[in-house]
Amino acid sequence: MPEPKIIGFLCNWCSYRGADTAGMARLKYPPNVKIVRVPCSGRVSPELVLRTFREGADGVMVLGCHIGDCHYSTGNHRAAKRMPVLKKVLEYSGIDPERLCVNWVSAAEGERFAKIITDFTETIRALPPLTEEMTWTKG
Amino acid sequence: MTNSFPDLEEAQVILITGSNTTEQHPIIATRLIKLQDKGAKIIVIDPRYTQIAQIADIYLRQKPGTDLAWFNGLMHVILRDNLANQDFIKERTEGFEELKAKVADYTPERVEEITGIPAEKLVEVAHLYAKAERSAIFYCMGITQHTTGVQHVWQCANLAMLTGHIGRPGTGVNPLRGQNNVQGACDMGGLPNVFPAYQPVTKDDAREKFQQAWGVEKLPAEVGMTIMEMMHGLENGKVKAMWVMGENPSLSDPDINHVNKALQAAEFLIVQDVFLSETAQLAHVVLPAASYAEKDGTFSNTERRVQRVRKAIEPLYGSKSDMEIICLVARKMGARGFDFETPQQVMAEINQLTPSYGGITYERLEELGALIWPCPNGEHPGTPFLHKDKFARGLGLFHAIDHQPPAEEPDEEYPFILTTGRIMFHYHTGTMTRRIEKLDREVPTCVIEINPADASRIGLNGKNKVRLQSRRGELIAEAKTTERVDPGVVFMPFHFVEAAANILTNPALDPVAKIPEYKVCAVRVELAE
Amino acid sequence: MDQRLEALLQTIQKVLPDVDGIIGLKVNAAGHIAPHLFRKEAPAELDGLAIWPKYPTPDTLRLIQKAHPGAKLGMVVRGCEERGVVEMFKHAQVDLSNISLIGLQCTREEAEFCRCAKPYTAHAKLTVGEPIEGVPDPVTEGFLAKTREERLEYWKEQLVRCIKCYGCRNVCPQCFCNVCALEDEKWVGTGWLPMPLPPMYHLVRSMHMTAKCVACRECEEVCPADIPMAIQYRLIAGDVKEMFGYETGVSMDEKPPQLLVLAEGEFERTGLPH
Amino acid sequence: MEYKNVLTTCPFCGTGCGFFLQVLDGKIVGVLPDKKHPVSQGSLCVKGWNAHGFIYHEDRLKSPLIRRNGKLVEASWDEAIELVATRLGEIKAKHGPDSIALLASAKATNEENYLFQKFGRAVIGTNNIDHCARL
């Protein structure tokens with residue numbers, strides 16, 4: 001089985017720094033996640049998540065500041081409002097909603113970051129590659 | 001079409017060949033596809049793995065230009081396995097023994113060699129088609145645009161007659177006509193050999209009838225020129241003037257370098273169109289025509305269903321309907337019989353002179369919505385399917401036909417087969433659809449389809465421009481790699497002037513129908529950069 | 001004449017003198033039906049008044065109001081059409097201050113055709129026909145019984161037939177954006193059939209129908225391939241109700257769920273980790 | 001204020017789908033499928049849905065054009081019709097009817113095609129009439 005491809009959209013102010021913290025503490029976590037730094041988790045549109053799947057990602061992560069800690073005060077509310085609906089859209093389309101991980105990591109939470117990454121990588125590893133599922137049955 | 005949509009809902013097996021139905025006749029395609037939900041089986045035989053091929057229950061891919069052989073192969077199997085409808089053959093047909101002798105040589109194995117269709121698949125299709133109670137054939141220009149085009153149509157008829165799949169609901173031989181009113185233009189005598197309703201110009205009584213009705217002393221008795229002959233006529237000086245009503249031969253005809261030379265040689269070229277088409281740009285006089293939304297009239301669809309076109313708005317920008325323009329010119333030339341004010345009045349004259357349209361009046365269309373010809377009189381309900389108890393000629397005639405190669409085959413110099421066609425988002429030469437933003441954005445320019453194996457062989461990796469050359473000319477276009485076409489085959493649409501497929505195509509014609517061989521010509525494909 | 005049609009005609013005749021026109025459906029001699037603006041200048045046109053099949057008339061209102069913002073209009077609405085104009089009103093697409101809604105209650109047969117949960121109007125002051133209860137939606141229920149894998153398979157079988165006519169988008173009264181994400185190549189590829197998987201067109205459209213779809217099912221009706229996309233819209237509408245307490249078309253005053261800010265208690269209902 | 005729907009037949013392929021042109025105050029504003037249509041049954045393809053999209057295009061021909069000194073220039077209808085009639089008459093007289101050819105149209109109506117072939121046969125006196133049925 002090929003290694004799963006995971007794209008993580010990390011907000012600049014909390015999650016991305018949380019990743020740094022994890023790195024500085026030399027915490028071990030799987031290397032599958034390719035990180036894309038975004039200004040805010042609210043910046044990540046459902047279309048962008050879907051496009052990421054289309055481009056071949058097996059899993060997509062959207063990590064932001066904890067609710068209440070957003071650098072822009074309510075930027076992450078936007079993620080908290082849209083992403084759960086997107087998970088439902090995936091579910092009703094027959095795409096495992098577990099392929100989309102939405103979570104919150106502060107700059108100090110290196111361990112939490114490592115755990116989220118590790119758990120999500122395991123979750124995705126247990127699923128078949130998405131590109132395999134995304135082929136027409138007919139023909 | 002021998003049949004019409006409502007009765008075709010009863011088909012159990014649908015054999016589609018030479019038709020990219022979902023892209024060319026999308027609404028027919030979806031109607032057929034939905035029949036799968038009722039248990040119908042769809043078979044597609046096509047050199048391209050199109051959407052409908054993907055949806056089909058069985059898909060067979062033949063090499064372009066080998067259709068006569070697989071038809072013979074199907075009939076070979078049907079006879080070999082005693083699946084023919086002997087009663088139908090006895091009662092309704094003639095020429096069976098010749099056919100039987102001919103197809104005896106076409107074993108599935110031999111057909112596989114010629115066409116590339118696996119022998120066992122051919123057998124499966126033969127059984128499926130023949131054993132069903134109601135099987136219908138659909139075809140389009142994928143089998144007619146060949147030098148053997150007419151013979152392909154005969155083969156469809158052979159197959160249908162051999163199994164008795166004709167003259168009943170849910171069966172028949174159903175050509176899908178490409179343009180919105182190509183059926184009507186033929187019905188109305190827009191052909192060099194016939195008056196309306198296919199009454200031959202060579203027949204004295206037909207001519208006398210029209211002479212009398214039109215109040216002219218003598219109508220010409222010789223068959224006129226086809227498009228291709230007109231083009232040759234322009235070049236050699238036999239034809240001096242040409243009047244083009246809403247067509248664009250500059251892009252739609254084969255070998256257009258040659259066509260454009262011919263059009264430029266015209267002493268007087270009149271073009272009437274909605275836009276300044278490629279052909280109009282060569283004209284001496286351009287007449288602005290009203291669009292379909294600005295006039296009344298009727299179109300006849302592929303089922304022979306005559307339906308109303310209704311004027312939604314007055315002609316825009318000072319344009320005039322084609323009807324008004326023709327009448328103005330005719331009257332200016334001193335002709336009588338062109339004093340029409342409405343298309344309804346023209347239809348009344350058509351009713352008198354066109355037996356199949358005899359009962360298709362505006363009053364009835366208003367009330368019934370549509371009528372399917374033949375509809376000879378005001379009480380006739382129309383004819384949803386043809387050949388019920390007998391064929392037009394009496395007995396159906398089998399044609400025994402051998403496989404023949406296309407006029408131009410790939411060789412060392414031109415190693416690829418080019419096959420041309422249409423795409424979903426554009427219509428004919430794109431005069432209208434390329435000006436519709438929502439269609440243009442889908443496919444703004446010509447994209448050639450090439451198999452990945454060929455693409456890497458010519459070094460297309462990452463690049464996308466190719467140069468196509470044939471014996472007639474060359475062009476550069478974007479390419480897309482896809483398994484949709486076999487290695488050795490490239491496909492391109494003909495809608496686009498900037499990469500006009502018909503620069504390349506072979507003007508070789510079917511000897512009977514004079515249809516050019518758009519579906520097969522030999523080309524060279526190279527990297528353009 | 002059908003009793004309901006007769007009653008509708010009488011109501012329209014009552015309203016017509018006080019308005020500039022009434023949006024309803026009109027039938028021609030051969031039985032073809034389309035939306036129409038009935039006006040007092042042409043009373044004979046009411047001979048062609050029709051009620052079925054329904055059409056996306058909320059969009060007709062939008063078109064007419066765009067050209068005639070001040071016009072005083074009447075409009076025949078079924079339950080779904082009423083919900084439609086209410087939603088459009090909230091998105092500033094129509095102005096309801098000058099509109100007299102004439103509610104037309106659906107019959108059981110019509111409701112079953114639409115698998116409709118609310119085949120009745122709630123706002124129209126004038127109504128015609130007896131309101132009936134909603135009917136079950138066996139298609140959606142059947143879908144819900146499927147496993148994840150079966151759902152994927154189901155949509156593949158359905159969506160391979162999609163011919164990208166944009167009919168579901170075009171016919172939808174709630175699709176009024178000036179710039180449509182479905183026509184943005186960043187999200188939905190162009191020019192190829194069948195559209196490649198994942199089905200971006202349909203995924204994006206499902207997402208965009210959130211808190212907008214009023215379950216009129218026009219999208220399914222115009223679909224040449226009979227793809228039952230309303231299954232998804234309907235299920236998502238249920239989730240939105242649960243998570244954000246919002247139901248389309250119910251109340252004129254209730255704002256659509258704020259996209260930007262979580263309201264009190266919402267975060268807990270999204271099911272997201274804390 | 002006038003809003004109506006005019007039922008017509010799609011001009012973009014031989015299927016013959018039915019749709020309504022939505023006309024608001026004398027201007028076409030959209031297409032609606034005809035749910036009772038025997039062929040299209042309330043559906044359309046992408047071309048049908050956009051069949052109104054070219055009608056008001058700025059490229060529409062706005063006047064007859066006549067070639068003068070090698071260039072197409074605007075002319076009146078009277079001039080254009082006069083020129084067509086005169087030149088066709090001259091060419092017929094000088095070179096005979098079969099020196100004139102007519103291309104009818106698979107996009108035009110039955111009535112127009114009927115009149116066009118009638119014109120060719122009865123007025124010009126030639127059977128040189130064809131159209132792109134095969135293309």
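No hydrogens, no waters, no symmetry mates; every other heavy atom, side chains included, goes into these values. Proteins get letters first, then strands, A, B, ... in listed order; numbering begins at 1 in each.
Tyr292(B) places a side-chain heavy atom less than 4.5 Å from the side chain of Leu21(D). For the pair Met245(B) and Leu102(D), the minimum side-chain heavy-atom distance is 4.5 Å or more. In this structure, the side chains of Val46(D) and Leu439(B) come closer than 4.5 Å at one or more pairs of heavy atoms. Counting heavy atoms from C-beta on, the side chains of Leu103(D) and Met230(B) come closer than 4.5 Å. Leu65(D) places a side-chain heavy atom less than 4.5 Å from the side chain of Leu276(B). Taking 4.5 Å as the limit, some side-chain heavy atom of His131(D) sits within range of a side-chain heavy atom of Leu191(B). Here the side chains of Arg134(D) and Thr226(B) are in contact, with some heavy-atom distance below 4.5 Å.
The candidate from Val244(B), Val216(B), Ile313(B), Thr302(B) with the greatest count of non-hydrogen atom pairs under 4.5 Å with chain D is Ile313(B). Between chain B and the residues His52(D), Lys47(D), His57(D), Arg60(D), the most heavy-atom pairs under 4.5 angstrom are made by Arg60(D). Contacts with chain B were tallied for Leu7(D), Ile91(D), Leu61(D); Leu61(D) has the most, counting heavy-atom pairs under 4.5 Å. For chain D, the option among Gly369(B), Ala335(B), Gly246(B), Gly334(B) with the highest count of heavy-atom pairs below 4.5 Å is Gly246(B). Between chain B and the residues Ile55(D), Ile66(D), Val23(D), the largest count of heavy-atom pairs under 4.5 Å involves Ile55(D). Heavy-atom pairs under 4.5 Å with chain D peak, among Gln24(B), Glu294(B), Glu303(B), at Glu294(B). Looking only at heavy-atom pairs under 4.5 Å with chain B, the residue among Ala101(D), Cys17(D), Ala51(D), Cys45(D) that has the most is Ala101(D). With respect to chain B, the highest number of heavy-atom pairs below 4.5 Å among Ser63(D), Gly48(D), Ala80(D) belongs to Ser63(D). Ranked by non-hydrogen atom pairs under 4.5 Å with chain B, the options Pro97(D), Ser99(D), Ala104(D) are led by Ser99(D).
With a 6.0 Å radius and a threshold of 12 heavy atoms from other residues, nucleotides or ligands, Lys34(B) has its NZ atom above the threshold.
With values rounded to the nearest 0.5 angstrom, Asn113(D) atom CG is found 9.5 Å from Ser300(B) atom OG. Here Thr86(D) contributes atom OG1 and Met333(B) contributes atom CE; the two are 8.5 Å apart, rounded to the nearest 0.5 Å. Summarising the geometry, atom CZ belonging to Arg435(B) is positioned 10.5 Å from atom CZ belonging to Phe54(D); distances are rounded to the nearest 0.5 Å. Between the SG atom of Cys132(D) and the NE2 atom of His428(B) there is a distance of 4.0 Å, given to the nearest 0.5 Å. Here OG of Ser105(D) is found 7.0 Å from CD of Gln179(B). Values are rounded to the nearest 0.5 Å. The CZ atom of Arg422(B) sits 9.5 Å away from the SG atom of Cys13(D) when rounded to the nearest 0.5 Å.
Leu88(D) touches chain B through backbone and side chain together, each having a heavy atom under 4.5 Å away. For a residue to count as touching a neighbouring chain, one of its non-hydrogen atoms must lie under 4.5 Å from one of that chain's; by this rule Met432(B) touches chain D with backbone and side chain alike. Using a 4.5 Å cut-off between heavy atoms, Glu82(D) contacts chain B through both its backbone and its side chain. If you measure heavy-atom distances from Ser321(B) to chain D, the contacts under 4.5 Å come from both the backbone and the side chain. Only the backbone of Glu222(B) comes within contact range of chain D, with heavy atoms under 4.5 Å apart. Both the backbone and the side chain of Met424(B) come within contact range of chain D, judged by heavy atoms closer than 4.5 Å. With a 4.5 Å cut-off on non-hydrogen atoms, Thr126(D) touches chain B through its backbone but not through its side chain. Neither the backbone nor the side chain of Ala75(D) comes within less than 4.5 Å of any heavy atom of chain B. With a 4.5 Å cut-off on non-hydrogen atoms, Phe20(D) does not touch chain B at all. Of the two parts of Arg434(B), neither the backbone nor the side chain holds a non-hydrogen atom closer than 4.5 Å to a non-hydrogen atom of chain D. The contact between Asp98(D) and chain B is made entirely by backbone atoms, counting heavy-atom distances below 4.5 Å. Neither the backbone nor the side chain of Ala266(B) has a heavy atom closer than 4.5 Å to any heavy atom of chain D. Looking at Leu72(D), only its side chain comes within 4.5 Å of chain B, counting heavy atoms on both sides. Interface remark: Val194(B) contributes backbone atoms only to the contact with chain D (heavy atom separation under 4.5 Å).
Annotation for Gly297(B) and Thr109(D): closest pair CA-CG2, 4.0 Å, computed over non-hydrogen atoms.
Residues of residues 32-39 of chain D lying under 4.5 angstrom from chain B, judged on non-hydrogen atoms, are His37(D), Pro38(D), Val39(D) in numerical order.
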*Show your working on side-chain contact (heavy atoms from CB on, under 4.5 Å) between Lys311(B) and Val6(D) and close with a plain yes or no.*
CA-CA 8 Å; Lys311(B) 187 195 234 180; Val6(D) 179; over 6 Å; no
_Pair Trp49(D)-Lys438(B), side-chain contact (heavy atoms from CB on, under 4.5 Å): steps then yes or no_ = CA-CA 10 Å; Trp49(D) 271 109; Lys438(B) 286 186 188 303; over 6 Å; no
*Check against side-chain contact (heavy atoms from CB on, under 4.5 Å), Val84(D) and Lys332(B)*: CA-CA 9 Å; Val84(D) 168; Lys332(B) 183 63 88 179; over 6 Å; no
*Would Lys94(D) and Lys240(B) satisfy side-chain contact (heavy atoms from CB on, under 4.5 Å), going step by step from the backbone distance to the final call?*
CA-CA 10 Å; Lys94(D) 193 166 164 203; Lys240(B) 302 288 181 196; over 6 Å; no
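Under the salt bridge (Lys or Arg N to Asp or Glu O under 4.0 Å) criterion, Arg177(B) pairs with no residue at all, not counting sequence neighbours. Scanning for salt bridge (Lys or Arg N to Asp or Glu O under 4.0 Å) contacts around Glu112(D) gives Lys295(B), with sequence neighbours left out.
A donor-acceptor pair is defined here as one N or O able to donate and one able to accept, closer than 3.5 Å; such a pair exists between the side chain of Asn301(B) and the backbone of Thr15(D). Side chain of Glu111(D) to backbone of Gln344(B): no donor-acceptor contact under 3.5 angstrom is found. When atom types are taken as modelled, the side chain of Asp130(D) and the backbone of Ile227(B) share a donor-acceptor pair closer than 3.5 angstrom. Without hydrogens or angle criteria, Asn127(D) side chain to Pro220(B) main chain gives a donor-acceptor distance under 3.5 Å. A side-chain donor-acceptor contact under 3.5 Å links Arg67(D) to the backbone of Ala283(B).
The stretch residues 69-123 of chain D participates, sequence neighbours left out, in these ring-ring contact (aromatic ring centres under 6.0 Å, His included) pairs: Trp243(B)-Phe116(D), Trp243(B)-Phe119(D).
Under a cutoff of 6.0 Å and an axis angle of 45°, Arg121(D) and Phe195(B) form a cation-pi pair.
Checked by atom type, the side-chain pair Thr9(D)/Asn180(B) shows no donor-acceptor distance below 3.5 Å.
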